[in-house]
Amino acid sequence: MTTHTGPHPTRRLILQGAVSVALIGLGNLPFAPVRAAANDKYPEEAFKLKNEADAIKALYGRTAEPSDKIKLDAPEIAENGGVVPISVATTLDKVTTISFFVAENPNALAASYKFPDGTIPAVANRLKMAKTSNVTAIVEADGKLYSATKEVKVTVGGCGG
Amino acid sequence: MKRSLPIAMLLALSLAPAARAANEADYQAAYAAAEAASEEAAGMRNQWTTTVSTLAAAKKAGDGGDFDRAVAAAREAEALAKASIVQATSEKEAWKAMEIR
Amino acid sequence: MKARTSLLLGSLSAALVALALTSPRVIAADKVDPVADAKAFQNFFFQKFPDVKHEDFVNGPYSMNEDMKRQWQEKEEFPPYEFALDAGKEMFSTPFKNGKTYADCFANGGIGIRQNYPYFDTKEGKVVTLELALNRCREANGEAPYSYVKDEMASLTAYMAFTSRGKPMDIRIPDDPRALEAFENGKRYFYTRRGQLNFSCASCHVQSPGERIRAEILAPALGILNAMPIYRSEWSGMGTTSRRFITCNSQTRAVPLEPQADEYRDVEYFLSYVANGLPISGPGARP
Amino acid sequence: MASSIRVRATSNGDITEVQTLIQHPMDTGLVKDAKGALIPAHYIRELKFACNGRDVFVANWGTAISKDPYVKFSFKGAKKGDDLKISWSDNKGGSDETTAKIA
């Protein structure tokens with residue numbers, strides 16, 4: 001990841017960096033549907049990408065369709081962007097992975113969980129959110145991808161000055 | 001004509017600061033007044049953070065020789081300190097108005 | 001620049017005039033009556049928020065906002081102050097170099113006594129807070145005192161608060177004119193406006209609890225210290241009562257006093273006394 | 001020193017619910033410290049839960065996971081008294097592991 005991003009990095013600089021990384025990422029991605037998530041290697045590429053769609057493609061190699069069988073629980077207004085309690089549960093079966101994406105974060109992919117047989121397809125965790133953003137949960141069930149999205153408002157915590 | 005233009009500008013520039021610019025003495029006086037007011041406010045245990053930072057800015061500008069900005073900042077620091085003194089004295093009684101009875 | 005300061009002085013005098021105009025309450029004879037003050041203080045909040053259960057006031061902003069309360073309860077399942085609690089427990093049982101421990105300095109070995117702090121020390125003629133007593137215990141046993149705003153002090157007070165959870169706040173004011181003076185001094189500090197923003201503690205925690213100041217929901221003043229020390233997500237760390245007072249001061253642009261200054265000890269005495277009867281809920285988690 | 005992993009694993013006979021809180025700074029690498037220097041990225045990348053010899057849950061984390069991270073999940077096929085092994089590794093080669101009895 002281009003770690004030379006200072007606190008006031010010129011936006012152009014980051015965007016250029018991110019775009020180039022994305023292109024490289026796409027470049028070496030074999031276009032045949034890849035069950036990338038199945039192997040237990042740490043999805044390095046996906047965690048580096050800024051854009052949500054690119055990250056989903058890098059992690060799963062295909063897009064997801066919204067499903068009402070996924071219950072995504074996230075606060076309406078986060079009490080603090082640093083600690084946002086988010087959980088998901090689904091009635092879909094043969095679930096192998098669940099991942100969380102925060103679109104407006106510096107890197108969209110926040111977490112990816114693997115569910116071996118016998119593990120209940122539900123998980124709760126606490127995420128950091130840079131600002132108000134859509135939070136998307138992607139569930140991989142029986143080889144197909146499903147998603148649920150919710151907007152979480154994040155305000156600047158504390159009274160500065 | 002081209003050559004005379006820069007000379008004219010130079011002349012204007014050199015004249016302008018002498019008439020208005022504050023000098024070291026102005027700065028010292030303004031700073032001393034601001035410091036006295038700030039100490040009085042601190043003595044009443046009612047100092048404002050902005051008084052402290054404006055006073056520091058005045059000193060920094062003064063040390064750097066930019067007496068215009070230094071005097072301006074010193075005057076503002078003095079005003080802030082005085083305002084905090086007015087606040088402390090008036091609150092000696094004014095707080096009762098807010099008290100839950 | 002000139003305009004700004006005159007604007008500033010103008011707004012300040014306007015504020016003073018406005019204050020004078022508000023119906024000047026009948027200033028009762030200046031006899032300090034803590035019992036009456038506490039009753040009036042509690043009734044003010046019970047009437048202003050009739051559907052908030054009395055013991056809920058100690059949960060600060062979470063007693064004022066449902067969405068926030070849900071996020072808090074979810075966090076309480078495995079709270080972020082868990083580590084401070086364990087660290088405090090460990091420190092409490094680790095003897096000093098001279099073999100003694102904190103338990104030797106406190107009644108009942110320091111367990112389940114937080115609700116009696118701060119207390120008025122008639123020998124010293126001043127209020128002694130839990131944080132002050134802990135540092136005095138350390139110094140009495142040849143140990144260096146802890147910073148009042150750092151994690152060690154927060155861990156110790158977190159453990160002692162935890163051992164008193166649920167017990168009603170029980171602050172006593174001895175029949176000593178100096179104790180009444182300390183209580184009055186704390187009350188005066190609580191209602192005095194300070195800082196360039198010209199706020200007093202009451203401006204936020206009495207006049208507008210439940211409302212937002214920027215992103216924060218303001219806690220009611222009643223029971224506001226019952227959850228101390230608190231883990232604040234914003235600090236992503238523990239905060240003692242001293243740290244909370246200091247940051248509140250600087251947020252109104254008032255230069256904070258030194259930790260455990262007389263004013264802070266007295267305002268803690270006042271705020272704890274008027275919350276008598278409400279349960280201790282420390283250590284707490286806050287936004 | 002106590003382990004950095006706090007875990008509560010409780011079974012109701014069929015399903016075991018696991019809650020974990022880990023003491024870790026989870027620095028994103030985008031934050032500056034008081035002196036203005038960038039705090040380098042330092043975050044847990046992988047967290048594994050194993051029971052009766054097989055992985056029951058694996059978490060891959062990025063920099064968007066909160067400080068002192070928390071995760072909750074449940075799984076079948078274990079009973080009271082079984083050992084649950086929890087281990088994590090971060091991007092600086094740091095790691096920790098602990099074993100908890102299912103209550």
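Every value quoted in this text rests on a predicted model; they were computed, and no experiment measured them. Just so it is clear: chains get the letters A, B, ... in the order the sequence lines come, proteins before strands, and each one is counted from 1.
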Check the surroundings of atom [atom1] in [X]: do more than 12 heavy atoms from other residues, nucleotides or ligands lie under 6.0 Å from it?
X       : atom1 : answer
D:Asp55 : CG    : yes
A:Lys69 : NZ    : no
D:Lys92 : NZ    : yes

- Message: What part of D:Ile44 gets within 4.5 angstrom of chain A, counting heavy atoms only: side chain, backbone, both, or neither?
- Response: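 Contact with chain A is absent: no heavy atom of D:Ile44 under 4.5 Å.
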
- Item | Contact class of D:Phe49 relative to chain A, heavy atoms under 4.5 angstrom |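 For D:Phe49, there is no contact with chain A at all, as no heavy atom is under 4.5 Å.
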
- Task: Identify which of D:Gly62, D:Ala78, D:Ser66, D:Gly36 forms the greatest number of heavy-atom pairs closer than 4.5 Å to chain A.
- Result: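 Most heavy-atom pairs within the cutoff with chain A belong to D:Ser66.
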
- Query: Among A:Val84, A:Val83, A:Leu127, which has the most heavy-atom pairs under 4.5 Å with chain D?
  - Reply: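 Between A:Val84, A:Val83, A:Leu127, the count favours A:Leu127.
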
- Option in A:Ala130, A:Pro43, A:Ala110, A:Ala89 with maximal non-hydrogen atom pairs under 4.5 Å from chain D: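 Ranked by contacts with chain D, first place is A:Ala110.
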
- Which pair of heavy atoms, one from D:Ala64 and one from A:Asn105, lies closest together, and at what distance?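 Here D:Ala64 and A:Asn105 meet closest at CB-ND2, 3.6 Å.
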
- Over all atoms of both residues, closest heavy-atom pair of A:Asp117 and D:Arg54: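 Shortest heavy-atom separation between A:Asp117 and D:Arg54 comes out as O-NH1, 3.5 Å.
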
- What do the steps show when you test A:Arg126 against D:Leu21 for side-chain contact (heavy atoms from CB on, under 4.5 Å), and what is the final call? CA-CA 10 Å; A:Arg126 293 170 188 163; D:Leu21 191 73; 3.6 Å; yes

- With a 4.5 Å limit on heavy-atom distance, are the side chains of D:Thr63 and A:Lys128 in contact?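 Not in contact.
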
- Query: Are any of the side-chain heavy atoms of D:Leu30 and A:Pro106 separated by less than 4.5 Å?
  - Reply: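 Result yes, sub-4.5 Å side-chain heavy-atom pair found.
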
- Taking only residues two or more places apart in sequence or in another chain, which ones pass side chain to side chain contact (heavy atoms under 4.5 Å, CB included) with D:Ala59?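 In terms of side chain to side chain contact (heavy atoms under 4.5 Å, CB included), with neighbours along the sequence ignored, D:Ala59 is linked to A:Tyr113, D:Leu47, D:Trp61.
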
- Task: Assess whether side-chain contact (heavy atoms from CB on, under 4.5 Å) is satisfied between D:Asn60 and A:Phe47, documenting all intermediate values.
- Result: CA-CA 9 Å; D:Asn60 286 329; A:Phe47 273 115; 4.0 Å; yes

- For salt bridge (Lys or Arg N to Asp or Glu O under 4.0 Å), just list the numbers for D:Arg45 and A:Glu44, CA-CA rounded to whole Å, side-chain angles, deciding distance to a tenth of an Å, and then say yes or no. CA-CA 10 Å; D:Arg45 291 160 58 97; A:Glu44 201 75 51; 2.7 Å; yes

- Item | A:Val123, part contacting chain D, at a heavy-atom distance under 4.5 Å |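 For A:Val123, the contact with chain D is made by backbone and side chain together.
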
- Sequence neighbours excluded, which residues qualify as salt bridge (Lys or Arg N to Asp or Glu O under 4.0 Å) partners of D:Lys72?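 Scan of D:Lys72 (salt bridge (Lys or Arg N to Asp or Glu O under 4.0 Å), adjacent residues dropped) gives C:Glu77.
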
- Task: To the nearest 0.5 angstrom, please state how far the CD1 atom of A:Ile120 sits from the OG1 atom of D:Thr16.
- Result: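 Those atoms lie 9.0 Å apart.
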
- Message: The test is side-chain contact (heavy atoms from CB on, under 4.5 Å); show your working for D:Phe73 and A:Thr119 and say whether it passes.
- Response: CA-CA 8 Å; D:Phe73 70 99; A:Thr119 303; 4.1 Å; yes

